[in-house]
Amino acid sequence: NAGVLNIYGVSSLGGNLTIDHAAVVNLHNNFTIGNSSNLNLIDGTVNFLGNAVLSGEGIFNVTGGKVIFAANSTFNGSGQFNMSSGEINFTGNSTFSGSSVFNAGQGQVYFGENVTLSGSGIVNAQESTIIMDGATWAMIGGAEFNPGTSTVVFSGNTHLISGAGGINQI
């Protein structure tokens, strides 16, 4: 049921965790979702207050609710972040690398700092709204940005968009 759960001293998810019923979960340390672990957010809020890493074959599914990455976030390995609806706020730097996949679904995605896509990292914008408030969006190597029918909004100061891999479709 609804409530606030503050987690200290835990640095990784080693299995499956589902958050539902409008709960608020605050992860106070650097946190890794990896090694075939699954984190499912159905309703509620997950606050990553330290650096967040999605690695290995980790999967983070968001079917509603809100995720806040308050520090830097890294998606690498073959991990997947799947959002069908909801809101994601990246307030720190965000890196998508390795063969990681970020599926934005119909949600709203806010990037408050720099975004880097490298290696075989893929961002599928699908039908989302992406708000870019950070300074740079860099595409390196074979990374891909697939815009779908999304809306991309640039706000704030001057932005630098560099690289290839679909970024020219913004």
Side-chain angles (χ1 to χ4, degrees), residues 11-13 27 30-41 46-63 65-170:
S11 61
S12 65
L13 177 62
L27 300 165
N30 294 339
F31 195 82
T32 299
I33 302 168
N35 301 323
S36 301
S37 298
N38 291 300
L39 178 57
N40 301 297
L41 176 62
V46 177
N47 295 304
F48 290 89
L49 302 174
N51 293 327
V53 176
L54 177 65
S55 66
E57 296 175 358
I59 298 174
F60 191 169
N61 296 307
V62 178
T63 56
K66 184 175 187 175
V67 179
I68 299 172
F69 293 99
N72 297 329
S73 56
T74 303
F75 298 79
N76 58 30
S78 58
Q80 287 194 19
F81 188 104
N82 304 308
M83 178 171 63
S84 56
S85 65
E87 182 179 338
I88 309 298
N89 291 328
F90 294 95
T91 58
N93 294 320
S94 303
T95 302
F96 302 90
S97 62
S99 58
S100 64
V101 177
F102 179 82
N103 295 309
Q106 295 178 336
Q108 178 172 307
V109 181
Y110 169 82
F111 290 108
E113 290 293 333
N114 302 321
V115 178
T116 303
L117 279 75
S118 65
S120 299
I122 299 172
V123 171
N124 294 313
Q126 297 168 319
E127 299 175 54
S128 66
T129 298
I130 296 176
I131 300 168
M132 180 66 188
D133 205 15
T136 63
W137 183 298
M139 302 284 291
I140 302 167
E144 292 181 39
F145 173 78
N146 300 311
T149 58
S150 64
T151 300
V152 179
V153 177
F154 293 93
S155 64
N157 296 320
T158 304
H159 300 282
L160 172 64
I161 301 172
S162 65
I167 198 71
N168 59 340
Q169 297 180 37
I170 290 181

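- Annotation for M132 and E113: closest pair CE-O, 3.8 Å, computed over non-hydrogen atoms.
- In this structure a side-chain-to-backbone donor-acceptor pair under 3.5 Å is present from S85 to T63.
- Only one option out of D133, N89, T91 pairs with Y110 in a side-chain hydrogen bond (donor to acceptor under 3.5 Å, both in side chains); it is D133.
- Judged purely by atom type and a 3.5 angstrom limit, N72 uses its side chain to pair as donor or acceptor with the backbone of N93.
- Separation of atoms CD (E87) and NZ (K66) is listed at 4.5 Å; rounding is to 0.5 Å.
- Using modelled atom types, one finds no donor on one side chain facing an acceptor on the other under 3.5 Å when comparing N76 with S97.
- Considering CD of Q80 and CG of L54, their distance stands at 9.0 Å, rounded to 0.5 Å.
- Atom CD1 in I59 sits 11.5 Å away from atom CG in L13 (nearest 0.5 Å).
- S100 contributes a side-chain N or O that, together with a main-chain N or O of F75, makes up a donor-acceptor pair within less than 3.5 Å.
- Every side chain to side chain contact (heavy atoms under 4.5 Å, CB included) that L117 has, sequence neighbours left out, goes to F96, V115, V123, W137, M139, A143.
- In this structure, F102 and F90 have perpendicular ring planes: the angle between them is above 60°, well past the 30° mark.
- In this structure, the side chain of S128 does not engage the main chain of A104 through any donor-acceptor pair within 3.5 Å.
- In this structure, S99 contributes its side chain and G77 its backbone to a donor-acceptor pair below 3.5 Å.
- For residues 48-58, the side-chain hydrogen bond (donor to acceptor under 3.5 Å, both in side chains) pairs, not counting sequence neighbours, are S36-E57.
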